[in-house]
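Down below is the structure, laid out as structure tokens.
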2 protein chains.
Amino acid sequence: MSRDNITAMGNRRKGKSRDTRRDEEIYRAMSEAIVEHRLSPGDRLPEDALAEAFDVSRTGIRKVLQRLALERLVTIQANRGASVARPSPGEARDVFGARRMVECALMDAVADNMTEEDLAELRQLVRDERQAQAEGEQRQAIQLSAAFHTRLSRVARNEPMSEFIGQLALRSSLVIAVYGSTDSIGCDCGDHGEVLDLLEAGEKDKARTWMAGHLEHIERSLRFESGSEGTPDFKSIFQRRAQSGAGDG
Amino acid sequence: MSRDNITAMGNRRKGKSRDTRRDEEIYRAMSEAIVEHRLSPGDRLPEDALAEAFDVSRTGIRKVLQRLALERLVTIQANRGASVARPSPGEARDVFGARRMVECALMDAVADNMTEEDLAELRQLVRDERQAQAEGEQRQAIQLSAAFHTRLSRVARNEPMSEFIGQLALRSSLVIAVYGSTDSIGCDCGDHGEVLDLLEAGEKDKARTWMAGHLEHIERSLRFESGSEGTPDFKSIFQRRAQSGAGDG
DNA sequence: TATACTTAACATGTATACAACATACTACTT
DNA sequence: AAGTAGTATGTTGTATACATGTTAAGTATA
């Protein structure tokens with residue numbers, strides 16, 4: 001009676017990546033712009049302007065904005081609109097603290113599940129990052145550094161984990177934009193290759209230790225001096241005045 | 001000249017929790033309904049019906065639906081609408097795998113930062129859960145079990161971590177709804193008190209081991225037999241026919 | 001009678017219109 | 001002249017209308 005229905009049900013696939021929905025495209029463009037620091041923390045993101053830029057209505061923009069807000073890449077204040085998130089020092093510490101815990105804990109599974117293809121892709125990523133660094137393409141380098149951590153986490157074949165780490169890596173880019181000194185990114189390029197060597201050799205413990213040190217190193221390079229939380233940075237304003245001017249009399 | 005501006009800037013707080021926006025309310029109601037299994041995996045969630053139920057327009061519902069989709073509590077299929085998510089066996093394993101890694105890794109920080117207030121609230125949560133269990137309030141018990149893990153994670157004072165664990169706890173409720181046998185929830189009520197004792201005594205290692213065992217225990221109680229991924233469960237349909245009916249002739 | 005095709009009903013995707021809110025500017029009062 | 005109040009402008013929040021796509025039912029034909 002309903003035998004044909006059975007065969008009919010399995011055939012409903014493949015029409016998924018045909019027209020990669022516009023939302024995704026806009027989301028990707030905006031998050032990439034934030035990660036690459038083409039948009040700076042604090043920058044306003046008016047819906048009208050974005051709608052015009054992407055040639056869609058505000059509806060589509062709001063959807064993307066809300067998603068970015070959930071991922072803490074933008075901040076939405078009620079009735080006051082969206083702006084690129086400006087993580088507080090505490091938030092910055094939390095992000096790196098979370099990364100230390102999670103990325104280290106994942107190294108076992110990463111080592112256990114690493115395939116030839118994974119390794120090849122990761123080594124390519126390191127090469128790209130190194131080249132970007134060499135050519136002075138800071139923006140590309142930052143993006144590739146985050147991409148490396150995200151891609152590495154995917155080796156563990158645990159989607160919730162790699163998605164979480166991916167988000168933390170994106171947020172880290174924002175943290176570096178606010179508190180990063182120039183050497184925040186400078187050092188870890190060559191480094192990324194090292195952990196691959198350790199993982200290829202099956203040295204789980206050393207890989208975990210390496211990752212902890214790597215993240216600590218980045219975190220230590222952050223400069224939290226001018227408190228951008230709560231009150232504006234009058235301190236740095238007055239400091240600058242004393243530095244630049246000759247005397248005060 | 002601009003001295004007054006300085007004092008004026010710090011006063012922009014407190015007007016935040018006044019009218020807890022409707023979105024949040026709807027989000028809370030829906031996620032709670034999903035976690036408490038008043039909505040079952042696979043249930044359709046038509047925008048019109050929800051809009052009428054909450055007395056808002058579809059706009060507000062879509063916002064909530066999209067957020068729930070991002071958190072993997074509902075599934076949105078293009079042009080086909082939203083439904084309560086039905087995690088696959090692989091997804092279920094990933095969720096519990098992630099929880100094992102993350103919640104165990106967090107125990108150190110939990111032990112280090114536990115305060116009197118934390119402990120009091122957590123013990124109260126255990127009491128509530130125990131009572132719900134005793135009174136046969138399964139739904140409440142499930143919700144409280146998830147709440148315990150979420151509240152416990154907050155002790156570590158790392159927002160990204162506790163948010164992630166909170167989401168995983170919610171997803172776990174869905175997993176249990178699909179694959180849980182009756183004793184999936186039965187055992188872990190009294191258990192939750194044990195880890196508090198260990199943490200209060202400062203036994204970090206034992207607490208971590210306990211947590212690993214706890215989550216493994218829940219995961220082992222899941223039943224993945226009837227594959228609800230890909231093809232519908234014809235197997236169980238035919239099995240049922242053989243069980244319920246007398247003969248097949 | 002079963003299958004395929006057409007059509008109708010329904011649900012979602014998107015844009016637009018309108019209302020509410022915040023901010024900035026201007027005018028008026030002290 | 002300075003500060004406050006009122007107004008005007010612009011931006012966000014929400015609902016509704018319209019277009020598009022999917023599902024299901026019904027009919028006609030083989």
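What you see below is based on every heavy atom in this structure, not just the backbone, and it leaves out hydrogens, waters and symmetry mates. We name chains A, B, ... by the order of the sequence lines, and we start the count at 1 in each one.
- Electrostatic pairing of A:Glu24 and A:Arg67 counts as a salt bridge here, judged by a charged N lying under 4.0 Å from a carboxylate O.
- Taking for each of A:Gly81 and A:Thr59 the nucleotide of DNA chain D with the nearest heavy atom, the 5'-most of the two is the partner of A:Gly81.
- D:dG13 atom C1' lies 9 Å from atom CG of B:Asp23, rounded to whole Å.
- Rounded to an integer number of Å, the gap from A:Glu47 CD to C:dT14 P is 16 Å.
- For the pair A:Arg171 and A:Glu91, the salt-bridge criterion is met [side-chain N within less than 4.0 Å of a carboxylate O].
- In this structure, CG of B:Asn79 is placed 20 Å from P of C:dA9, rounded to the nearest angstrom.
- In this model, the phosphate group of D:dT11 is not approached by any side-chain N or O of A:Arg80 to a distance below 4.0 Å at OP1 or OP2.
- With C:dT14, C:dA15, D:dG13 as the candidates, the nucleotide lying closest to the side chain of B:Arg62 is C:dT14.
- Neither OP1 nor OP2 of C:dT16 sits under 4.0 Å from any side-chain N or O of A:Arg58.
- For the residue pair A:Tyr27/A:Glu71, the side-chain donor-acceptor check at 3.5 Å is satisfied.
- Here the C1' atom of nucleotide D:dG13 and the CD atom of A:Gln66 are 10 Å apart, to the nearest Å.
- The distance between atom CD of A:Gln77 and atom C1' of C:dC21, rounded to the nearest whole Å, is 14 Å.
- Within the 4.0 Å cut-off from OP1 or OP2 of D:dA15, at least one side-chain nitrogen or oxygen of B:Ser57 is found.
- A:Arg44 places its CZ atom 10 Å from the C1' atom of C:dA22, with the value rounded to the nearest Å.
- In this structure, CG of A:Asp48 is placed 12 Å from P of D:dG13, rounded to the nearest angstrom.
- The separation between A:Arg22 atom CZ and C:dA15 atom C1' is 15 Å, rounded to whole Å.
- Judged by the 6.0 Å distance and 45° axis criteria, B:Arg99 is not positioned over the aromatic ring of B:Phe164.
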